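Below is one structure; the comments refer to it alone.
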Amino acid sequence: MNAPDLQLDPPPRGGPVQVFYQKPGAARRPVVARGAGIYLWDTEGRRYIDGSSGPIAANLGHGNPRVALAARRQMEQVAYASRFFFENEANRQLSDLVTAQAGAGLERAFFVSGGSEATESAIKLARQHAVLSGQSGRWKVISRNPSYHGATLGAVAISGDFVSERMYGPMIRPMPKVGAPFTYRIPAGHTAESYALACADELERAILQEGAETVLAFILEPVGGLATGALVACDAYHQRVRDICTRHGVLLIHDEVMSGVGRAGRFLASHYWPQAMPDIVTLAKGLAAGYTPLGAVLAPASMVDAIAQAGGFMHGYTYSSNPLSCAIGLAAVSETLERRLPENAAAMGRRLDGRLREIQQRRRVLGDVRGRGLLMAIEIVKDRGARETYAAHEQAIARIVSLAMDRGLLLYSRRTAEGRYGEWLMVAPPLTVTAQEIDDIAQIIDDALAAFEAQASN
Ligand code: PLP
């Protein structure tokens with residue numbers, strides 16, 4: 001694909017900037033000019049492969065004409081009309097489409113403006129339902145450590161991230177946490193499966209210790225996002241978690257903000273475990289594929305209808321279910337399904353997995369390859385034998401990201417919990433990616449890791 005003709009003059013570089021950079025002294029970033037397919041261009045004409053779809057959001061790639069047309073048409077018709085006065089057709093159609101794909105037990109959809117709002121909405125929905133059902137003692141939401149369910153304070157309370165809790169803990173009521181079933185670093189004497197089952201048993205112990213009658217829900221990412229680097233637990237873990245939640249009347253919430261809408265190779269990642277389906281699902285990212293902020297909570301009709309009959313959901317936002325966002329979401333989800341992108345994600349995910357495992361043979365710093373569909377991660381280690389992580393001051397992940405960017409590949413990364421659980425890069429291109437593009441991405445990763453190893457051994 002050729003670099004496009006740029007219609008904007010490159011802005012002055014290096015002068016004062018009012019942009020809220022999050023790190024003082026950080027090098028100025030390039031200014032984005034345009035996107036098409038899996039590529040983004042900056043104002044100086046440099047091309048980048050969007051190797052993680054931003055933060056795993058741009059599922060359809062860039063410049064999708066159908067989504068642009070839907071946005072324009074809706075904008076011209078009516079961009080905003082409050083749900084307090086009107087239903088809107090885009091909201092109705094998007095609700096029908098998403099709940100039909102999600103399947104039985106998830107018949108109602110409430111649309112919000114992103115993943116954090118979806119988390120807040122899910123736990124408030126669960127709480128309101130518990131109170132209505134005469135179980136007002138249930139309010140604790142257990143989650144995994146580490147985990148990430150959003151940046152708002154309610155979501156921080158249920159995210160397993162001690163760094164964030166250190167800062168914001170006094171402002172919230174932190175909730176109980178149980179271990180995440182990591183598959184790469186496993187305690188001695190365990191296999192990945194036995195450790196996962198031990199983590200599930202820890203959930204049951206936590207419920208009993210807290211008092212089952214006080215526990216509202218357990219929330220987890222069925223295929224992990226950034227917090228665990230695309231962690232996938234064994235089937236038996238999901239079944240045991242489901243059984244434990246059912247046994248104790250605890251709602252099971254799957255946070256599919258990252259894994260949903262085809263990213264992991266099925267419409268929902270939860271569909272890999274049909275016997276262990278959750279009670280509530282949250283979506284965002286791929287729902288509008290980055291074309292507008294959009295998230296959703298999917299819940300059973302029985303739960304939502306009971307709340308409606310009792311006076312309504314005591315929660316909402318100005319932009320909940322607004323026509324413009326829903327029209328964009330409708331075009332994005334329709335495009336995802338009609339182009340069979342979940343299937344493409346599954347096939348291209350297998351190819352990517354194969355390529356990354358080949359690279360692992362050559363590159364000693366590539367410790368682990370994991371994920372499902374096009375939600376993959378590579379874990380970086382200093383010593384593969386000992387699975388030792390680089391020290392913080394070595395900036396391993398930041399340097400690899402920069403080496404990849406120099407070679408035209410953008411990768412989203414995280415040093416979770418100050419490296420306590422390891423550090424990884426997400427490899428998650430748009431679901432439209434082709435076999436040739438997967439090979440191109442793998443080649444750049446290989447080159448970047450080779451360059452990093454050369455630096456590291458100097
Ligand atoms: N849940 C998960 C699993 C996420 O990955 C994210 C964001 O990365 C969120 C929730 C929060 O979503 P948002 O950033 O749209 O608020």
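Remember, it's 1-based here, ligands and their atoms both numbered in the order they're listed. Note that the coordinates shown come from a computational prediction; the quantities given were computed from them, not determined experimentally.
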Can you tell me if Arg340 has over 12 outside heavy atoms packed within less than 6.0 Å of its CZ? no
Side-chain donor/acceptor of Glu107 to backbone N/O of Ala301, under 3.5 Å: yes
Contacts of type ring-ring contact (aromatic ring centres under 6.0 Å, His included), residue Phe182, not counting sequence neighbours: Tyr421
The option among Met258, Glu256, Met426, His254 carrying the non-hydrogen atom nearest to atom 5 (O) of ligand 1 is Met258
I'd like to check which ligand 1 atoms, numbered from 1 as shown, lie under 4.0 Å from a non-hydrogen atom of Ser116. 11 (C), 12 (O), 13 (P), 16 (O)
Residue Gly150 vicinity, atoms of ligand 1 by number, heavy atom under 4.0 Å: 10 (C), 11 (C)
Give the atoms of ligand 1, by number and element, whose distance to some non-hydrogen atom of His149 is under 4.0 Å. 1 (N), 10 (C)
Parallel, tilted or perpendicular: which describes the rings of Phe110 and His315, with under 30° parallel and over 60° perpendicular? tilted
Verify the distance criterion only: is there a donor paired with an acceptor across the side chains of Asp161 and Tyr148 at less than 3.5 Å? no
Checking heavy-atom distances from atom 4 (C) of ligand 1 to each of Val257, Thr228, Thr282, the winner is Val257
Please report whether ligand 1 has a polar contact with Tyr412, defined as an N or O pair separated by less than 3.5 Å (distance criterion only). no
Do you see a donor-acceptor pair shorter than 3.5 Å between the side chains of Ser270 and His254? yes
Which residue and non-hydrogen atom of the protein lie closest to atom 8 (O) of ligand 1, and at what distance in Å? Lys285 NZ, 2.9 Å
Kindly confirm or rule out an N or O of Glu117 lying under 3.5 angstrom from an N or O of ligand 1. no
Gly115 versus ligand 1: do any nitrogen or oxygen atoms come within less than 3.5 Å of each other? yes
Please work out whether any backbone atom (N, CA, C, O) or any side-chain heavy atom from C-beta onward of Glu221 is under 4.0 Å from ligand 1, and answer side chain, backbone, both or neither. side chain
Do Arg263 and Asn59 have side-chain N/O donor and acceptor atoms under 3.5 Å apart? yes
For ligand 1, is there an atom lying under 4.0 Å from some heavy atom of Asp255? yes
Return the set of residues passing ring-ring contact (aromatic ring centres under 6.0 Å, His included) with His248 (not counting sequence neighbours), or none when no residue passes. none
